[in-house]
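To find a chain, count down the sequence lines: A is the first, B the second, and so on, and within it residues start at 1.
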Number of protein chains: 2
Amino acid sequence: MGKSETENKIIQAATDEFIEMGLDGARMRAISDRAGINKGLIHYYFKSKELLFSKVFEVLFGVLVGRLNAAMGEENHLFDKIRSFVSIYVDAIQRNPRIPKFIISELNRNPERMFKMMNEKKKFDATKVFKESVAQAVENGDIVEIDAHQLFTNMLSMCIFPFIGRPMIQFVTGMSNKEFESYIEVRKTEVAEFIIRSIQKK
Amino acid sequence: MGKSETENKIIQAATDEFIEMGLDGARMRAISDRAGINKGLIHYYFKSKELLFSKVFEVLFGVLVGRLNAAMGEENHLFDKIRSFVSIYVDAIQRNPRIPKFIISELNRNPERMFKMMNEKKKFDATKVFKESVAQAVENGDIVEIDAHQLFTNMLSMCIFPFIGRPMIQFVTGMSNKEFESYIEVRKTEVAEFIIRSIQKK
DNA sequence: GTCTATATTCAGATAGAC
DNA sequence: GTCTATCTGAATATAGAC
């Protein structure tokens with residue numbers, strides 16, 4: 001399974017190009033230039049643009065799923081799960097801010113693909129763990145009664161949206177780039193506290 | 001300024017096509033078919049694909065800004081502003097669920113354009129109104145101290161993200177299409193209550 | 001204003017030498 | 001495996017008849 005040097009360079013270059021330009025906007029020419037190799041070689045290794053894209057998507061999607069599971073599995077108490085999820089997740093996206101947009105575009109473009117991958121990858125259990133934890137907390141009387149899916153997607157929204165909607169947010173709020181950076185830093189802890197304040201019983 | 005029948009048909013068809021396919025994915029051929037007119041006519045009226053796209057974007061962006069301002073200006077008390085914003089906004093997006101994705105894609109692709117439009121459209125004061133209302137509520141001791149931008153973007157995130165990330169959310173939670181519909185209905189009121197619970201002083 | 005036919009450009013893919 | 005050269009198809013754009 002050892003990939004050649006060239007193959008790796010192509011995948012890396014393709015990842016950058018697809019993330020920046022999307023599937024339709026990406027150019028094979030641009031990918032070969034980024035990789036510093038011949039355009040024809042891409043077809044030698046990956047046959048077509050579509051197959052190359054699939055490869056890139058698989059890798060990125062796997063990383064995303066892995067992070068979701070990791071962030072959710074580490075802590076026991078619901079509040080700590082939430083704190084852990086927010087800080088790990090926002091931090092991870094901050095390092096690769098264009099990945100969510102890429103993943104979401106592709107899931108919109110081709111929803112069937114995700115079912116295929118669902119079967120291929122190890123099963124996605126982050127939300128199951130989360131739901132159980134919410135049920136437990138409700139039972140213990142720690143939090144108000146709330147639908148776990150609503151809660152989970154609220155959390156996901158506040159973690160992901162700022163990166164997808166960054167230009168919109170900067171436009172609406174008038175934040176500078178510098179201000180946006182510290183705005184994100186604040187969110188690594190404050191989004192979790194925002195959520196916890198909302199659900200905990202006093 | 002009276003637009004011809006044909007011109008209007010083109011704009012409507014182009015709006016549908018661009019929203020569904022994105023700028024790169026859209027085809028002039030598909031637009032002329034949707035409009036039921038000759039392909040060459042599009043160039044007669046709009047010169048190029050790029051200019052046609054600009055036209056479509058301007059219209060949609062104007063609608064978005066108008067809604068933001070309307071939703072924010074109607075109520076006086078902060079909590080009612082939040083309730084009003086969430087219900088109006090989620091409902092509006094529900095009717096046209098692909099608009100946010102379209103707007104955000106374009107703002108990412110071409111951030112300069114938004115500054116141009118900022119000057120052309122009447123100024124965007126929804127957030128100013130919101131900030132003042134937050135400051136007032138803090139002063140009155142009604143809510144905890146919170147940065148208005150953080151609060152505003154939390155609200156925006158929870159309103160918009162479910163539509164952008166719908167396939168991702170359905171994948172992660174396992175919701176059916178039917179379940180997703182009622183999930184959105186719940187959000188029209190519950191997102192506002194979620195926010196209010198978090199910020200109000202007991 | 002609306003159509004048909006055509007020009008132009010360009011990207012993805014292939015063939016074949018080395 | 002890597003390169004050069006080329007094919008093929010598609011999409012935007014234009015020219016010109018009506």
From C:dC3, D:dC3, D:dA11, nucleotide with atom closest to B:Arg27 side chain: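 Nearest listed nucleotide: D:dA11.
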
If you check every side-chain atom of A:Lys47, which of D:dT14, C:dA13, C:dT14 has the closest atom?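 When the side chain of A:Lys47 is considered, C:dT14 is the closest of D:dT14, C:dA13, C:dT14.
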
Could you give the [atom1]-to-[atom2] distance, from [X] to [N], as a whole number of Å?
{"X": "A:Glu17", "N": "C:dG12", "atom1": "CD", "atom2": "P", "result": "9 Å"}
{"X": "B:Arg29", "N": "D:dA13", "atom1": "CZ", "atom2": "P", "result": "15 Å"}
{"X": "B:His43", "N": "D:dA13", "atom1": "NE2", "atom2": "C1'", "result": "5 Å"}
{"X": "B:Asn8", "N": "C:dG1", "atom1": "CG", "atom2": "P", "result": "12 Å"}
{"X": "A:Tyr45", "N": "C:dG12", "atom1": "OH", "atom2": "P", "result": "20 Å"}
{"X": "B:Lys49", "N": "D:dT12", "atom1": "NZ", "atom2": "P", "result": "5 Å"}
{"X": "B:Asp33", "N": "D:dT12", "atom1": "CG", "atom2": "P", "result": "12 Å"}
{"X": "A:Asp24", "N": "C:dA11", "atom1": "CG", "atom2": "C1'", "result": "12 Å"}

Just say parallel, tilted or perpendicular for the rings of B:Phe180 and B:Tyr183, cut-offs at 30° and 60°.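 Judged by the thresholds at 30° and 60°, the geometry between B:Phe180 and B:Tyr183 is tilted.
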
[X] bridged to [Y] by N-O distance under 4.0 Å:
{"X": "A:Glu20", "Y": "A:Arg34", "result": "yes"}
{"X": "A:Lys201", "Y": "A:Asp142", "result": "no"}
{"X": "A:Glu181", "Y": "A:Arg166", "result": "yes"}

Phosphate contact (D:dG1 OP1 or OP2) by A:Ser4 side-chain N/O below 4.0 Å: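 For A:Ser4, the contact criterion (side-chain N or O under 4.0 Å from OP1 or OP2 of D:dG1) is not met.
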
Any side-chain N or O of B:Thr6 under 4.0 Å from OP1/OP2 of C:dG1?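 Indeed not, no polar side-chain atom of B:Thr6 lies that close.
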
Check: A:Leu23 main-chain N/O paired with A:Lys49 side-chain donor or acceptor under 3.5 Å: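 Side chain of A:Lys49 to backbone of A:Leu23, a donor-acceptor pair under 3.5 Å: yes, one is there.
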
NA contact type, [X], heavy-atom cut-off 4.0 Å: base, sugar-phosphate, or nothing?
{"X": "A:Tyr44", "result": "base"}
{"X": "A:Phe46", "result": "nothing"}
{"X": "B:Ala26", "result": "sugar-phosphate"}

